[in-house]
Amino acid sequence: MRRVTMADVAKEAGVSKSTVSQFLNKRYEHMGDETKEKIRAAIEKLGYRPNYIARSLKQKRTAMIGIIVANIMHRVSTEISRAIEDYCHEHDMHAIVCNADDDPVKERKYIEMLRARQVDGLIVFPTGENIELYKQMEKENYPIVFVDRKIDGVNVNTIVVNNKEATHQAVSHLIQKGHRKIAIVTPPLTIYPRIERVNGYKQALRDYSIKIKPEYMISTDIKNILSQLKTVFTLPEKPTALVAGNDLSFFEVMTFIKENRVCIPQDLAIVVFDNIPFANISNPTITTIAQPAYEMGKKAAELLLKQINKERVGSELYTFPCKLIIRESSSGKNIIN
């Protein structure tokens with residue numbers, strides 16, 4: 001069966017090929033409603049499907065971007081990716097989402113694959129382990145935006161939250177409730193957000209003249225968190241409050257709490273740095289440090305499209321504020337310990 005061409009549509013509608021091309025590219029400035037309706041009807045009647053490969057070769061654009069997420073299991077990563085996809089949809093772009101699993105080898109493969117497919121740009125939650133590759137894209141002025149993680153020495157537009165300040169506020173809240181033995185649990189301190197959150201924790205303790213106890217600081221692989229919590233809670237002086245550095249750490253903390261019948265907040269006050277979907281309906285409700293994920297994703301997509309369209313956007317660090325939402329898990333009566 002012969003493929004229907006743009007010329008066939010033009011003939012059926014009684015217009016030129018260039019007019020059909022303008023219609024397909026949504027350039028309606030000099031096109032009347034009657035002409036648009038004729039072209040639309042011709043496309044529908046003939047069953048015309050644009051040749052996007054040919055169009056992308058001609059325009060040197062594919063109308064596709066890549067999103068490389070460090071770990072799709074994090075709720076905030078999913079929310080940011082959704083916002084990026086929504087923004088792309090509104091601007092007739094398509095997004096391809098890849099999950100790097102915090103693996104720099106997978107990340108490199110995805111970057112190379114997406115660029116080979118000639119996507120117009122990339123939004124990356126960087127592992128931080130492919131510095132030379134990042135620098136090469138920077139040198140080429142390839143459209144790219146980093147999200148969630150700042151990489152020193154790489155000058156590209158980067159979207160982060162105020163990790164240190166937000167954690168400082170959360171720990172200060174626990175101290176003001178009377179807690180002095182406060183633990184923090186994070187995955188390994190290999191990336192910017194985790195390091196900044198621990199720095200915020202330490203700074204809050206210093207600001208209140210509370211001794212920093214290394215034994216209260218758990219920074220290990222998710223699979224090891226449960227066993228390390230067991231060790232910490234056999235100490236003569238157990239923590240009375242705990243900050244979970246992200247959602248996956250929090251789930252391990254909750255497993256420990258359930259297995260050991262720890263009562264929240266009577267035995268242990270909890271604050272979580274992340275967007276937990278059930279935080280406001282759990283029993284007790286959970287205090288969270290909420291990240292403005294949707295706004296971050298929208299800003300990342302906006303910056304990337306400006307780069308793709310050759311607009312001058314510079315290379316800046318955009319820091320979004322988090323919000324401490326105090327709920328039952330940390331709002332018990334004041335104690336001094």
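The figures here come from the full heavy-atom set of this structure, side chains too, leaving out hydrogens, waters and symmetry mates.
Contact check on Arg149 versus Asp102 returns a salt bridge, with a Lys/Arg side-chain nitrogen under 4.0 Å from an Asp/Glu carboxylate oxygen. Taking 4.0 Å as the cut-off between side-chain N and carboxylate O, Glu112 and Arg115 do not count as a salt-bridged pair. Contact check on Glu237 versus Lys213 returns a salt bridge, with a Lys/Arg side-chain nitrogen under 4.0 Å from an Asp/Glu carboxylate oxygen. Classification of Glu295 and Lys298 as a salt-bridged pair fails, no side-chain N sitting under 4.0 Å from a carboxylate O.
When all heavy atoms of Ala42 and Glu12 are compared, the pair lying nearest together is CB-CG, 3.6 Å. Here the shortest heavy-atom pairing between Ile308 and Pro143 reads CG1-CB, 3.9 Å. Among all heavy-atom pairs drawn from Arg197 and Asn163, the shortest one is NE-OD1, 2.8 Å. Heavy-atom minimum distance, Ala269 versus His179: CB-NE2, 3.6 Å. Closest heavy-atom contact between Ile80 and Met296: CD1-CE, 3.9 Å. The minimum heavy-atom distance linking Met64 with Arg117 is given by the pair CE-O, 4.5 Å.
The closest side-chain heavy-atom distance from Val262 to Phe233 is not below 4.5 Å. Contact annotation: the side chain of Val232 approaches that of Pro239 to within less than 4.5 Å [non-hydrogen atoms, C-beta and beyond]. Looking at Phe273 and Cys322, their side chains come closer than 4.5 Å, going by heavy atoms from C-beta outward. Considering only heavy atoms from C-beta on, Ile270 comes within 4.5 Å of Phe250 through its side chain.
For the residue pair His168/Asp207, the side-chain donor-acceptor check at 3.5 Å is satisfied. Checked by atom type, the side-chain pair Gln136/Tyr142 shows no donor-acceptor distance below 3.5 Å. One side chain, Ser249 or Asn246, offers a donor N or O that lies under 3.5 Å from an acceptor on the other.
Linking ILVMFWY side-chain heavy atoms closer than 4.5 Å, directly or via other members, places Tyr192 and Phe125 in two distinct hydrophobic clusters. When hydrophobic clusters are built by joining Ile, Leu, Val, Met, Phe, Trp and Tyr residues whose side-chain heavy atoms come closer than 4.5 Å, directly or via intermediates, Ile191 is not grouped with Met73.
Applying the 6.0 Å contact sphere to CD of Glu44 captures no more than 12 heavy atoms from other residues, nucleotides or ligands. Within 6.0 Å of CZ in Arg82 there are 12 or fewer heavy atoms belonging to other residues, nucleotides or ligands. For Met31, the CE atom counts as densely surrounded, since its 6.0 Å shell holds more than 12 non-hydrogen atoms of other residues, nucleotides or ligands. Heavy-atom neighbours of Glu311 CD from other residues, nucleotides or ligands within 6.0 Å: above the threshold of 12.
Annotation: cation-pi pair Lys36/Tyr28 present, NZ/CZ under 6.0 Å from the ring centroid and within 45° of its normal.
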Stepwise side-chain hydrogen bond (donor to acceptor under 3.5 Å, both in side chains) check, Ser227 with Asn224: CA-CA 6 Å; Ser227 63; Asn224 298 326; 5.1 Å; no

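When atom types are taken as modelled, the side chain of Asn275 and the backbone of Gln291 share a donor-acceptor pair closer than 3.5 angstrom. Ser330 contributes no side-chain N or O that, together with a main-chain N or O of Val271, makes up a donor-acceptor pair within less than 3.5 Å.
Phe146 and Tyr134 have perpendicular rings, their planes meeting at more than 60° on a 0 to 90° scale where under 30° would count as parallel.
Partner of Thr127 under the side-chain contact (heavy atoms from CB on, under 4.5 Å) criterion, out of Glu107, Lys106, Arg108: Glu107 alone.
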